[in-house]
Student: 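Before anything else, here's the structure in question.
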Amino acid sequence: MAQIIYPKIDLVEEIEKMKKLRSAIILSHNYQIPEVQDLSDFVGDSLELALETEKSDNKLIIFCGVHFMAETLSILAPQKKILLPDLDAGCSLASSINVEQLQEWKRKHPNSIVISYINTSAAVKAESDICCTSTNAVKIVESIPANKEILFLPDLFLGAYVEKITSRSMRIWPGECHVHVQLTAQKINELRESQPNAEFLIHPECGCVSNTMYNLAENNISAKKTKILSTGGMIKYAKSSTAKDFIVATETGILYPLRKENPTKTFYPAQKDAVCEYMKMINVDKVYKSLNELIYEVKVPKKIAEKARKPILKMLEIV
Ligand code: 13P
Ligand code: SF4
């Protein structure tokens, strides 16, 4: 019997139709694969994605990013259905502290203020006083009265960066992201010598951040050519800069939106294999399946969501 060949469906077209039918929107983080970014209604950093969710009228959100980010959307917009096309999309940094560890840390320092980076689970946020992202960490720390001890978690490089900028000493949890830790000071310094005219865009989670801050403070490197920015901040800065060449120290997914929005400029990855496997778990097939079958919902339990909402809203009041 002749084999039946079914016509191949155009998934992107089907996603478009289904999105309208279900009145859904697709939101993606800057590290998502290009095909997923291209079919998204909005692409941004973790703070921009949270704000976009609050702003949108749509009740169904297909979120292409990692699990803790989907939880943040569910906390901020509990009336909306948040679908994550792959539930295994985790985050090594968010996993570096759990709620029991935080409770124990708080017991040891009972009068402290807990500042949690947005890369944390909902349960950890629920035990925190205020959240921060890579965009606003400095402002958040500056908003805490000087006589208060701060427990900053979970990223040690972001913590060291904030300490240096604010001249405020904090207790910092020794967590790190397995991707950004590879972006060492040695690597950045070598690149600086081989590319003297390039500007450096560095994510505050990188292993090179403390050393970069030291070099900036000592005037060993040009502050004009070195920017420590969130992924969204990198996109805005690259557009406004007159430089032609940029070395980008973060996950390589960011190169796609940078190159797309700045076709006359050249972007080099500081490390070609700085790839977050969690961010690459989502693809067009999974987005289609998620929209079609309404899977996989990320819903933070009401009690935890209510507690976790407070530190996020507190952060949003400040920035
Ligand atoms: P941004 O908020 O800067 O996009 O960072 C999120 C993240 O997970 C970085 O690895
Ligand atoms: Fe988490 Fe690092 Fe991946 Fe960002 S790059 S999502 S911090 S594991």
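For ligands, and for the atoms within them, numbers begin at 1 and follow the listed sequence.
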Student: Give me the atom names and distance for the closest heavy-atom approach of Pro204 to Ser134.
Tutor: CG-CB, 3.5 Å
Student: Using 4.0 Å as the upper bound for N to carboxylate O, is an ion pair formed by Glu142 and Lys139?
Tutor: no
Student: Assess His29 for proximity to ligand 2: is some non-hydrogen atom of it under 4.0 Å away?
Tutor: no
Student: Are Met281 and Tyr256 connected into the same hydrophobic cluster when the rule is that any two of I, L, V, M, F, W, Y join if their side-chain heavy atoms are below 4.5 Å apart?
Tutor: no
Student: Can you classify the ring geometry of His180 versus His203 as parallel (below 30°), tilted (30 to 60°) or perpendicular (above 60°)?
Tutor: tilted
Student: Please list the nearest protein heavy atom to atom 4 (Fe) of ligand 2 with its residue and the distance rounded to 0.1 Å.
Tutor: Tyr31 CE1, 4.0 Å
Student: Of the non-hydrogen atoms in Arg309 and Ile75, which two are nearest, and what is the gap between them?
Tutor: NH1-O, 3.3 Å
Student: With no hydrogens and no angle check, is any side-chain donor or acceptor of Ser240 less than 3.5 Å from a backbone partner on Tyr237?
Tutor: yes
Student: Go through ligand 2 atom by atom and flag the ones less than 4.0 Å from a non-hydrogen atom of His178.
Tutor: 8 (S)
Student: Within 45 degrees of the axis of the six-membered ring of Phe152 and under 6.0 Å from its centre: does Arg171 put its NZ or CZ there?
Tutor: no
Student: Using a strict cut-off of under 4.0 Å between a residue heavy atom and any atom of ligand 1, list the qualifying protein residues by chain and number.
Tutor: His29, Tyr31, Asp45, Ser46, Met69, Asn119, Ser134, His180, His203, Glu205, Ser230, Thr231
Student: With atom 1 (Fe) of ligand 2 as the centre, enumerate protein N/O/S atoms below 2.8 Å in chain and residue order.
Tutor: Cys91 SG
Student: For residues Lys80 and Leu60, determine if any side-chain heavy atom of one lies less than 4.5 Å from a side-chain heavy atom of the other.
Tutor: no
Student: Is Arg192 reaching over with its side chain to a backbone N or O of Lys187, donor-acceptor style, under 3.5 angstrom?
Tutor: no
Student: Answer yes if the side chains of Thr231 and Asp45 hold a donor-acceptor pair under 3.5 Å, and no otherwise.
Tutor: no
Student: Going only through I, L, V, M, F, W and Y residues with side-chain contacts under 4.5 Å, is there a path from Leu11 to Leu83?
Tutor: yes
